[in-house]
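Before any comments, here is the structure.
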Amino acid sequence: MEIDLERTLSSGQFFRWERRPKGFLIQTHGRSFVVDERLEVPLFAQRFLALDHDLPTIRESLRRDRGLRDFVDRLRGLRILRQEPWECLVAFVTSCASNIPRITRNLDALCRTFGSPLPRGGWGTPPPAALVDERALRRLGFGFRARFLVPIAREAERGALRGLERLPTCEARARLCDLPGVAEKVADCVLLFAYERLEAFPVDTWIRRAMTELYFDGRRTPDRELRACAADRWGPLAGYAQQFLYVWARSR
DNA sequence: GACCAGGCATCGA
DNA sequence: TCGATGCATGGT
């Protein structure tokens with residue numbers, strides 16, 4: 001099975017993992033497991049790792065694009081994981097104007113402070129009911145993001161995420177955007193990384209740079225046009241194209 | 001010591 | 001509808 005764990009885990013889509021002497025400890029869905037290249041993991045972990053995505057076919061499709069063809073084959077084994085929606089939402093609200101090392105640190109502090117220890121090591125993401133104290137979150141280093149997390153947790157407790165998996169993508173996106181501190185970018189991250197909407201195309205600073213360079217001759221272009229361009233070129237695989245672009249843009 | 005970071009909300013033009 | 005700005009804090 002084609003998967004590059006290092007490449008996938010460090011690609012900025014998921015933050016609750018650690019290197020171990022042999023493999024990686026992954027903390028998600030209220031459980032944890034260690035995985036190495038043998039991929040001998042429980043069923044829920046196989047699902048999390050999205051081992052059912054047909055990577056060779058996805059690459060073959062994206063390789064036809066003139067912008068992507070120079071690097072898709074160099075990014076073998078890069079997968080889009082199937083995360084737990086609440087965890088993913090917390091992570092990408094935290095990601096607002098931040099960076100991967102800091103997001104990782106913030107989330108780890110959050111889980112150690114308000115989460116529960118997991119049987120096989122690590123800490124679980126605290127449930128919405130545990131996030132009630134904005135000042136405590138600020139002390140953990142969340143900065144202005146703390147202002148959004150408490151109301152979001154309250155909405156989640158009221159069932160704001162319930163049933164989203166059954167809605168069409170645009171309706172699910174609208175629901176997510178109703179949450180404070182959630183707009184198009186964060187919503188698309190949650191749709192792509194937790195709700196299996198592989199057509200979602202989150203536009204962040206790196207994607208903006210890559211897209212304007214590859215397809216707009218370096219001209220500054222509204223995000224709306226970048227998303228339209230992505231939908232046009234890659235349709236149901238735009239999310240995977242996004243992940244290739246992100247890793248490529250950051251590796252230069 | 002600026003400048004920017006996997007943004008969002010708000011405000012004026 | 002678009003561009004500028006504040007929001008916290010840490011890294012370069």
Side-chain angles (χ1 to χ4, degrees), chain A residues 7-17 71 75 78-81 83 85 87-110 113 131 133-156 160 173-195 197-214 216 219-230 234 238-252:
Chain A
R7 176 170 285 154
T8 298
L9 291 170
S10 60
S11 70
Q13 57 177 309
F14 177 70
F15 309 93
R16 299 294 298 139
W17 61 277
F71 57 84
L75 297 178
L78 176 61
R79 272 175 200 275
I80 290 182
L81 302 169
Q83 298 185 44
E87 285 182 341
C88 188
L89 177 61
V90 171
F92 282 95
V93 169
T94 300
S95 79
C96 178
S98 188
N99 53 71
I100 293 175
R102 186 178 175 188
I103 300 162
T104 305
R105 228 184 16 259
N106 287 159
L107 293 176
D108 197 52
L110 184 77
T113 306
L131 303 191
D133 186 350
E134 177 182 330
R135 284 192 312 165
L137 295 178
R138 285 180 186 267
R139 281 196 295 273
L140 292 181
F142 280 83
F144 65 87
R145 303 158 196 84
R147 191 162 71 81
F148 300 123
L149 287 170
V150 172
I152 285 177
R154 194 167 50 236
E155 291 301 314
R173 179 184 290 113
R175 290 278 198 89
L176 289 167
C177 287
D178 282 341
L179 297 168
V182 178
E184 206 105 357
K185 194 275 175 181
V186 170
D188 279 336
C189 284
V190 176
L191 289 169
L192 176 60
F193 298 134
Y195 285 103
R197 309 305 167 101
L198 297 184
E199 74 272 30
F201 189 80
V203 176
D204 75 329
T205 55
W206 295 95
I207 294 301
R208 208 169 285 130
R209 268 179 235 167
M211 289 289 284
T212 51
E213 175 183 330
L214 291 173
F216 294 87
R219 295 189 321 274
R220 208 160 54 82
T221 307
D223 292 352
R224 168 175 37 79
E225 281 187 48
L226 300 182
R227 283 190 288 265
C229 172
W234 307 306
Y240 257 101
Q242 179 274 159
Q243 205 61 19
F244 283 115
L245 284 166
Y246 183 77
V247 171
W248 169 71
R250 285 170 50 88
S251 68
R252 301 188 286 170

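Below, read A as the first sequence line, B as the second, and so on, with proteins coming before strands; counting in each chain starts at 1.
In this structure, CG of A:Asn99 is placed 8 Å from P of C:dG11, rounded to the nearest angstrom. At whole-Å resolution of the value, CZ in A:Arg173 and P in B:dC8 are 12 Å apart. The distance between atom CG of A:Asn106 and atom P of C:dG10, rounded to the nearest whole Å, is 9 Å. Computed from coordinates, the A:Leu149 CG to B:dA9 P distance equals 13 Å when rounded to whole Å. For the pair A:Arg135 CZ and C:dT9 P, the computed distance is 14 Å after rounding to whole Å. As a whole-Å value, the separation of A:Leu140 CG from C:dA8 C1' is 14 Å. A:Arg250 has its CZ atom 8 Å from the C1' atom of B:dG6, to the nearest Å. The distance between atom CZ of A:Phe148 and atom C1' of C:dG6, rounded to the nearest whole Å, is 11 Å.
Annotation: C:dG3 and B:dG6 have their P atoms spaced 23 Å apart (nearest Å). The same atom, P, is picked in B:dG1 and in C:dA8; the two are 23 Å apart, to the nearest Å.
Take the nearest nucleotide of DNA chain B for A:Ile100 and for A:Arg147: the residue whose nucleotide is more 5' is A:Ile100. Remark on DNA chain B: of its neighbouring residues A:Gln243 and A:Leu179, the 5'-side contact belongs to A:Gln243, judged by nearest-heavy-atom nucleotide.
Of the listed nucleotides (B:dA5, B:dG6, B:dC8), B:dC8 has the atom at the smallest distance from the side chain of A:Ala183. The side chain of A:Val186 sits closest to B:dC8 out of C:dG3, B:dA5, B:dC8. For A:Ile207, the side-chain atoms get nearest to B:dG6 when compared with the rest of C:dC2, B:dC8, B:dG6. Nearest to the side chain of A:Cys96, among B:dG6, B:dG7, C:dC2, sits B:dG7. In the set C:dC2, B:dA5, B:dG7, B:dG7 carries the atom at the smallest distance from any side-chain atom of A:Asp204. Across B:dG6, C:dT9, C:dG10, the shortest atom-to-atom separation from the side chain of A:Trp206 is found for B:dG6. Each of B:dC8, B:dA5, C:dA8 was ranked by its minimum atom distance to the side chain of A:Arg145; first place goes to C:dA8. Residue A:Arg105 places its side chain closer to C:dG10 than to any other of B:dG6, C:dG10, C:dG3.
A:Val203 comes within contact range of no nucleotide atom at all, as no heavy-atom separation falls under 4.0 Å. Within 4.0 Å (heavy atoms only), A:Arg208 reaches no atom of the nucleic acid at all. Contact annotation for A:Gly12: base contact, defined as any heavy-atom pair under 4.0 Å involving a base atom. Residue A:Ser11 is classed as a base contact, given a heavy-atom separation below 4.0 Å to a base. Contact annotation for A:Arg220: backbone-only contact, meaning every heavy-atom pair under 4.0 Å involves sugar-phosphate atoms and none involves a base.
Stacking of the aromatic ring of A:Tyr246 onto the base of B:dG6 is found: the ring centres lie under 5.5 Å apart and the planes are inclined by under 30°.
The closest donor-acceptor contact from the side chain of A:Thr212 to the backbone of A:Arg209 lies under 3.5 Å. Remark: side-chain polar atoms of A:Tyr240 are paired, donor with acceptor, to backbone N or O of A:Ile80 under 3.5 angstrom. Judged by distance alone, the side chain of A:Arg145 and the main-chain N or O of A:Ala97 form a donor-acceptor pair under 3.5 Å.
For A:Arg135, the CZ atom is loosely surrounded, since the number of other residues' heavy atoms within 6.0 Å does not exceed 12. In A:Arg7, the CZ atom is crowded: over 12 heavy atoms of neighbouring residues, nucleotides or ligands sit closer than 6.0 Å.
Using a cutoff of 4.0 Å between basic side-chain nitrogens and carboxylate oxygens, A:Arg16 and A:Asp108 are scored as salt-bridged.
Taking side-chain N and O atoms only, A:Arg138 has a distance below 4.0 Å to OP1 or OP2 of C:dA8.
Separation of the A:Phe148 and A:Phe142 ring centroids does not fall under the 6.0 Å cut-off.
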